[in-house]
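Here the structure is laid out as structure tokens; the discussion comes afterwards.
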Amino acid sequence: MSRDPAATAATHLPAVDLVLGWAPVAALVALHGRSAVLEAVRAELAALRALRWDRAEPPRRIDDEPLASSSVDEGAIADAFDEGTIAAVIAARVEAARAPSLRKVFNLTGTVLHTNLGRAPLPAQALDAIAQVAAGASNLEFDLVSGRRGDRDDHVEPWLRRLTGAAAATVVNNNAAALLLVLNTLASRKEVLVSRGELIEIGGGFRLPQIMARASCQLVEVGTTNRTHLADYADAISPKTALLLKVHASNYEVRGFTAAADARALAALAKARGVPFVVDLGSGALVDLARFGLPHEPTPAEALAEGADLVTFSGDKLLGGPQAGMVVGRADLVAAIRHNPMKRAMRCDKLTLAALGAVLALYADPERLPEHLPALRWLTRPAAEIAAAALRLAPVMAGWLGSSAGVEVVAVQSQIGSGSLPVDLLPSFALRVAPADGKRGSGRALDALAASLRRLPIPVIGRIANGAVLLDLRCLASADDETAFRALFSPAAPP
Ligand SMILES: *Cc1c(COP(=O)(O)O)cnc(C)c1O
């Protein structure tokens with residue numbers, strides 16, 4: 001008649017050493033090493049002890065440590081303290097602990113270039129290029145002709161010059177870094193003029209005024225939120241002015257009574273006053289996307305032709321490549337940027353440069369870009385093709401869900417994402433999955449449904465709208481992905 005339920009439970013639990021000796025657990029040790037298995041055994045015994053305690057004192061809550069994988073069912077453990085079950089759960093714990101945290105998911109949110117889901121998918125050519133240089137030595141900073149030291153920019157600068165018409169180009173870790181580096185190089189302890197209508201926050205804490213401060217620049221706001229004229233810039237230019245900055249309004253739109261200074265006029269003004277004109281394009285499509293039926297997005301070539309001295313843009317937005325930040329334009333300014341010691345702290349690694357070089361090379365054949373560049377393939381996918389996929393996959397999901405939820409095919413609109421206008425929508429189709437139990441507790445049922453989709457071996461990320469999970473199938477574009485998606489919902493894998 002013990003008064004201590006924990007002590008009672010503990011006497012019934014096997015010792016760590018005993019568990020390590022069980023045949024299936026010993027096999028795990030041979031496979032994964034003693035440390036990893038020992039950790040899993042200890043965690044499992046602690047979980048079982050907590051469960052027993054919980055049963056003795058029902059109101060107590062268990063806060064077991066979170067598991068990376070869904071494959072451990074704590075309820076099942078409580079009912080079966082036998083060797084086989086415990087060994088299986090230990091195996092699952094070892095697997096979960098070893099599984100990489102960063103992994104593939106299906107982006108069915110309807111936002112194509114989703115920053116939280118890794119933005120642009122890379123083409124096969126980029127993956128090959130990464131594999132080539134990743135496994136061994138490469139000519140990263142080595143000139144094979146002269147046998148002397150080279151510059152890592154050499155691998156992409158010729159492509160960037162050719163594709164934008166710029167005299168020079170350099171690449172850093174991302175566009176935020178590119179902008180920071182440009183400002184710090186050209187305008188440290190000096191003034192930078194920006195329209196009040198362009199003082200943006202991109203997301204993830206990227207706010208223009210803060211970037212300015214970190215670059216040691218003095219921000220000078222000109223004009224008003226909705227209207228900024230050329231004269232506003234002209235009046236604000238002083239001997240302390242280092243540059244004029246224009247920022248592409250990425251993720252919002254100013255509508256109604258609006259005015260912005262014309263880029264050509266701004267460039268002429270900057271030139272007359274002897275200060276550089278810098279344009280942050282954000283997405284920066286390298287070709288006119290209108291040729292593929294998409295909304296036109298300003299290109300670096302256009303910005304340079306309008307008179308920009310430097311243009312910055314991202315590698316993993318509409319360009320469809322790896323995360324990177326491009327600076328293209330005047331050779332003297334690019335040279336100054338290369339010499340800034342901060343450049344060293346922001347440089348790209350060889351994997352990025354390999355991928356970027358391969359993606360830029362695809363632009364030599366612009367007609368076939370949507371064939372080769374998955375980001376463009378996703379963006380230009382015909383709605384009819386997406387609808388056909390939805391009709392093929394709806395029954396598969398319905399079979400998996402059984403009576404717990406209903407599935408229907410609905411017309412939706414995808415967003416381009418990553419700083420393309422949210423008003424530019426692409427017609428698409430989705431599987432609309434709604435929990436069966438009507439109004440009562442439907443919010444919780446909906447969350448549970450979304451969570452069960454996230455727990456699949458390849459997590460499926462949709463969006464919740466009007467009491468249902470919407471799975472926009474635009475980005476499930478390859479035959480391989482469709483096969484893998486089907487496999488997730490095969491009868492052997494119920495929710
Ligand atoms: C996205 C964006 C950035 C930031 O680019 P990253 O590559 O994400 O660092 C900067 N400016 C504009 C206008 C953008 O749209």
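Bear in mind that the values here come from a model prediction, so they are computed numbers and not experimental data. Just so it is clear, the values below take in all heavy atoms, side chains as well, and ignore hydrogens, waters and symmetry mates. Whatever order the structure lists them in is the order used to number ligands and atoms, beginning at 1.
To the nearest 0.5 Å, atom CZ of residue F429 and atom CG of residue L471 are 15.0 Å apart. Atoms CG and CE, on L199 and M212 in that order, are 7.5 Å from each other to the nearest 0.5 Å.
Near S314, meaning under 4.0 Å from one of its heavy atoms, ligand 1 places the atoms 5 (O), 6 (P), 7 (O).
The backbone N or O of L113 sits nowhere less than 3.5 Å from a side-chain atom of R119 that would complete a donor-acceptor pair.
Other residues, nucleotides and ligands place no more than 12 heavy atoms under 6.0 Å from the CG atom of N466.
Looking at ligand 1, you'll find an N or O of A176 within less than 3.5 Å of one of its N or O atoms. Residue D280 has at least one nitrogen or oxygen atom sitting less than 3.5 Å from a nitrogen or oxygen atom of ligand 1, judged on distance alone.
With distances taken over non-hydrogen atoms, the option nearest atom 1 (C) of ligand 1 out of R119, K317, K246, H248 is K317.
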